[in-house]
Amino acid sequence: LLDELPMLYLCALGFYSLVEADRTVRFGWKLPAALISLQAAITITYIFWIQSPVFHQAAFASTVCASVAFGYRRQCEMEISNRTRRMFQRLLLQGFLGMAGGFFVWNLDNIFCHRLRTYRSHIGSPFDAFLQLHGWWHILTAYGSTYLLLWVHLTRLARQGHDHLFTIRHFVGFIPHITLKTAKKID
């Protein structure tokens, strides 16, 4: 429970960042109040009434889909370079693949949980970790969330006209981050 609710809150924060991506604030305190109320209602419903992982999965998927759809619409409204468009596409694709893969393995885990436990007991450590699909759900959604949050950040930079100053780099070959482009040396 405590490992899943923060995922909802992070998605709401991403949605807020996409809505308020311009230099001027559009909704003031009303949007944060509405998002906090919605997330509180989901949390209370999840904790006290519908204590089912499927409810969380639906709420999380809805929040992610709403955020991506809204952000994509805003992205299409912008005049951006081909370089920025390619960065957007890569970030969205990686984010989608991570999220879709996470949802897929979580559903497999929900459907085949008892059978997977039996297989894990036969395989033994350390290879049984590959069949811990709930753990893979978290790994894959963290992977997808990382790319989607970078996409949100780059969208905000592009909305403010600063996307040409930044690029995506990977720390240790696979941990993405947005960084300033290095200036060319002048002789």
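Position 1 is the first residue of the sequence, and the numbers go up from there. From a predicted model like this one, the values you see are computed outputs, not experimental measurements.
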Task: Common cluster, Met7/Leu18, ILVMFWY with side-chain heavy-atom separation under 4.5 Å - done: yes
Open item on the list: Taking OH in Tyr9 as the centre, count heavy atoms belonging to other residues, nucleotides or ligands within less than 6.0 Å. Is the count above 12?
Closed with: yes
- [ ] Anything under 30° is parallel, anything over 60° is perpendicular, the rest tilted; go ahead and classify His138 against His134.
- [x] perpendicular
TODO: Step by step, work out the side-chain contact (heavy atoms from CB on, under 4.5 Å) result for Met78 and Phe88.
DONE: CA-CA 12 Å; Met78 295 185 284; Phe88 277 143; 3.9 Å; yes
TODO: Please go through Phe96's hydrophobic cluster and name the other residues, only I, L, V, M, F, W, Y counting, with side-chain heavy atoms under 4.5 Å joining them.
DONE: Leu93, Leu97
Open item on the list: Check whether Glu20 reaches the backbone of Arg26 with its side chain - one donor and one acceptor, N or O, closer than 3.5 Å.
Closed with: yes
TODO: Evaluate the ring planes of His56 and Trp137, with Trp represented by its six-membered ring, and classify them as parallel (under 30°), tilted (30 to 60°) or perpendicular (over 60°).
DONE: perpendicular
Open item on the list: Looking at Trp106, I'd like to know if its CH2 atom is crowded, meaning that more than 12 non-hydrogen atoms belonging to other residues, nucleotides or ligands lie closer than 6.0 Å.
Closed with: yes
Task: Audit row: Val64, Met99, side-chain contact (heavy atoms from CB on, under 4.5 Å) steps and yes/no - done: CA-CA 9 Å; Val64 169; Met99 290 293 188; 4.2 Å; yes
Open item on the list: Tell me if a side-chain donor or acceptor on Thr84 pairs with a main-chain N or O of Ile80 at a distance below 3.5 Å.
Closed with: no
Open item on the list: Can you confirm whether the side chains of Ser52 and Tyr46 place a donor and an acceptor under 3.5 Å from each other?
Closed with: no
Task: Joint hydrophobic cluster, Leu108 plus Leu140, side-chain heavy atoms closer than 4.5 Å - done: yes
- [ ] Decide yes or no for Thr167 and Met87: does some side-chain heavy atom of the first lie under 4.5 Å from some side-chain heavy atom of the second?
- [x] yes
Task: Shared hydrophobic cluster for Ile178 and Leu149 (ILVMFWY, side-chain gaps under 4.5 Å) - done: no
Task: Donor-acceptor side-chain pairing of Gln94 and Trp151 below 3.5 angstrom - done: no
- [ ] Sort and list the pairs that fulfil salt bridge (charged side-chain N to carboxylate O under 4.0 Å, His left out) and have at least one residue in residues 150-174, not counting sequence neighbours.
- [x] Asp22-Arg159, Glu77-Arg159
TODO: Take Phe60 and Phe103 through the ring pair (Phe, Tyr, Trp, His ring centres under 6.0 Å) test and state the conclusion after the steps.
DONE: CA-CA 10 Å; Phe60 180 63; Phe103 278 104; 5.8 Å; yes
TODO: Taking Gln51 for its side chain and Ile47 for its backbone only, find out whether a donor-acceptor pair lies under 3.5 Å.
DONE: yes
